[in-house]
Amino acid sequence: MRFYRDLGLTEFYRRPVDQTLLDAMQTAHAVTQTPATIAAPASPGTFTQTALMEEHSIPPRKSLTPQPEIAAAVAPADRAAALEMIRQEIGDCTRCTLHKGRSKIVFGDGSPQARLMFVGEGPGADEDAQGLPFVGRAGQLLNNMIAAMGLKREEVYIANVVKCRPPGNRTPEPEEANTCSPFLFKQIDAIRPQVIVALGATAATYLLGQRQTLAGLRGRVHAFRGMQLIVTYHPAFLLRDPRQKKEAWADLQIAMRELGLKLPSKG
Ligand code: URA
């Protein structure tokens, strides 16, 4: 029960989703501009572009560039320095047009020795202002998800496909994601976590290099650069459709099983 509570699932199993509550959450979201979405829904029950993408369609990736070669393993004691070198390589980046609208580059956050890494889509307004990933409303839910797994945020590592905020929190364009993702791959190779959780379709697409619906990728373990990768819903999507938290929790439990973490007892 505690795990469900931590995930905010109380509403889910007590009663059907309250549309008024959902609408209020969506409005709050539109104001803080935290999630990587484009516009508020046109009518109740209509999802934003990202939410629709999560549910039904193939992510908008036109060309899949080959993934970079896997870098040599970095000793745990050297991982912080390796990450710092990657950060220095990024510098005051102007490689794609996203730099024009950013306040801060959002490199990543967490333990260089993490066994678990989360990858999101791109910074929102709060992240852009603070230079840290997942610090807005979606970040609060991600923190709850991490806590429900029995972990602390400082124990995991969190990064995004793109490191600069897309205007209006739109989905990153393929050119932007393809320009930025090599640095994400370097971060992943430096940390070499045992398990990566891809949050949403954009992260799943650019990590796995596969054009598939989220439904086709969720619920199983993918082999990824010698690591294990699990796909689940983006927290921003879960804020919009809390009914899917149960499915997300099932995905997180797959990650927990792979990490050897204690699973909640049933009932
Ligand atoms: N959404 C993301 O995908 N990443 C963040 O860092 C914040 C919101």
Side-chain angles (χ1 to χ4, degrees), residues 8 25-26 28-40 47-55 59-61 83 87 90 93 96 98-99 101-110 114 116-146 153-154 156-174 176-177 180-181 183-184 187-188 191 196-208 214 217 229-241 244-245 248 251-252:
M25 285 171 139
Q26 282 164 343
H29 244 276
V31 170
T32 58
Q33 296 187 312
T34 301
T37 53
I38 291 176
F47 292 112
T48 58
Q49 178 170 317
T50 295
L52 275 171
M53 192 172 88
E54 300 278 359
E55 273 228 311
R61 186 172 189 191
L83 287 173
R87 178 66 191 88
I90 293 170
C93 187
C96 84
L98 289 183
H99 79 274
R102 75 156 183 254
S103 303
K104 288 192 175 157
I105 291 177
V106 179
F107 178 67
D109 184 34
L116 174 63
M117 178 166 175
F118 290 90
V119 177
E121 181 174 294
D126 296 308
E127 292 76 19
D128 177 64
Q130 294 185 41
L132 290 168
F134 283 98
V135 288
R137 287 201 61 222
Q140 282 167 24
L141 180 54
L142 180 60
N143 289 347
N144 290 346
M145 292 159 74
I146 295 166
R153 181 173 161 127
E154 314 83 77
V156 307
Y157 194 86
I158 306 171
N160 284 306
V161 172
V162 293
K163 302 197 183 322
C164 297
R165 182 191 180 201
N169 297 337
R170 64 161 169 73
T171 304
E173 294 293 339
E176 295 155 357
C180 207
S181 61
F183 296 107
L184 173 64
Q187 285 169 286
I188 290 171
I191 298 167
I196 296 169
V197 175
L199 299 166
T202 301
T205 301
Y206 288 99
L207 289 173
L208 290 170
L214 210 66
L217 295 170
L229 188 143
I230 289 143
V231 176
T232 196
Y233 294 113
H234 193 288
F237 171 72
L238 296 174
L239 288 173
R240 287 185 164 71
D241 189 357
Q244 306 304 326
K245 286 182 180 177
D251 297 330
L252 295 182

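Whatever order the structure lists ligands and atoms in, that order sets their numbers, starting from 1. Computed from heavy atoms alone, side chains included, the values below leave out hydrogens, waters and symmetry copies.
Proximity to His234 (heavy-atom distance under 4.0 Å) selects the following atoms of ligand 1: 1 (N), 2 (C), 3 (O). The Glu121 neighbourhood of ligand 1 comprises atoms 2 (C), 3 (O), with distances under 4.0 Å to a heavy atom of that residue. Proximity to Pro133 (heavy-atom distance under 4.0 Å) selects the following atoms of ligand 1: 6 (O).
Remark: Arg153 pairs with Asp109, Asn143 by the side chain to side chain donor-acceptor pair (under 3.5 Å) rule, at least two apart or across chains. Considering only residues two or more places apart in sequence or on other chains, Ala159 meets the side-chain contact (heavy atoms from CB on, under 4.5 Å) condition with Met117, Tyr157, Leu184, Gln187.
Looking only at distances, a side-chain donor or acceptor of Glu127 sits under 3.5 Å from a matching main-chain atom of Gly136. A donor-acceptor contact shorter than 3.5 Å links the side chain of Asp128 to the backbone of Ser103.
Counting heavy atoms closer than 4.0 Å to ligand 1, residue Glu127 contributes side-chain atoms (C-beta onward) but none from N, CA, C or O.
Residue nearest to atom 5 (C) of ligand 1, selected from Gly120, Ala138, Pro235, Gly122: Gly122 (by heavy-atom distance).
Between atom CG of residue Leu252 and atom OH of residue Tyr233 there is a gap of 12.5 Å, rounded to the nearest 0.5 Å.
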